[in-house]
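Numbers here are sequence positions counted from 1.
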Amino acid sequence: MDVKAGVLEVLNNIIGEDLSSQMDENLFDSGLLDSMATVELLLDLENKFGIQAPVSEFNRENWDTANKIIAKVESLLG
């Protein structure tokens with residue numbers, strides 16, 4: 001599975017917006033992600049990719065753009 005396409009699909013489902021042209025936009029600063037959406041994001045990514053992304057290890061700075069989320073998922077996939 002293409003990680004980029006999968007992450008963008010999950011983000012689009014949560015945010016309701018195509019982020020493919022805004023890959024480096026800070027999703028928290030722009031108000032697109034909040035704490036509830038973050039939990040949903042982590043759960044959806046775990047389900048889609050079979051990864052473990054514990055909320056306890058969540059660091060907002062590492063997950064604040066689409067590109068960073070893609071990189072994080074790729075690192076968790078090994």
### Query
What is the minimum heavy-atom distance between Leu27 and Ala66, and which atoms define it?
CD1-N, 4.1 Å
### Query
Which other residues belong to the hydrophobic cluster containing Leu43, where Ile, Leu, Val, Met, Phe, Trp and Tyr are joined when side-chain heavy atoms lie under 4.5 Å apart, directly or via other members?
Val39
### Message
Restricting to non-hydrogen atoms, name the atom on Asp24 and the atom on Thr65 that form the minimum distance, rounded to 0.1 Å.
### Response
O-CG2, 3.4 Å
### Task
State the CG-CD1 distance between Leu45 and Ile14, to the nearest 0.5 angstrom.
7.0 Å
### Query
Can you name the residues that form a salt bridge (charged side-chain N to carboxylate O under 4.0 Å, His left out) with Asp64, not counting sequence neighbours?
Lys68
#### Entry: Test salt bridge (charged side-chain N to carboxylate O under 4.0 Å, His left out) applied to Glu9 - qualifying residues, sequence neighbours left out
Lys48
### Message
Any heavy-atom pair between the side chains of Leu8 and Met23 that's under 4.5 Å?
### Response
yes
### Task
Please collect all ring-ring contact (aromatic ring centres under 6.0 Å, His included) contacts where either partner lies in residues 18-46, sequence neighbours excluded, each pair once.
none
## Note on the structure
Interatomic distance, CZ@Arg60 vs OG1@Thr38, rounded to 0.5 Å, equals 6.0 Å
### Summary
Distance col, row Asn62:CG vs Ser75:OG, nearest 0.5 angstrom, shows 9.0 Å
### Summary
Residue set satisfying side-chain contact (heavy atoms from CB on, under 4.5 Å) with Ala53, at least two apart, ordered chain then number -> Leu42, Glu46, Trp63, Leu76
### Message
Using every non-hydrogen atom in the two residues, find where Asn12 and Asp18 come nearest and quote the distance to one decimal.
### Response
OD1-N, 4.0 Å
### Message
Quick test of your reading: applying salt bridge (charged side-chain N to carboxylate O under 4.0 Å, His left out), list the pairs with at least one residue in residues 26-36, sequence neighbours left out, ordered by first then second residue.
### Response
none
### Message
Nearest 0.5 Å, please: how far is CG in Leu41 from CG in Leu33?
### Response
6.0 Å
### Message
Do Leu19 and Leu32 make a side-chain contact, defined as non-hydrogen atoms from C-beta onward lying under 4.5 Å apart?
### Response
yes
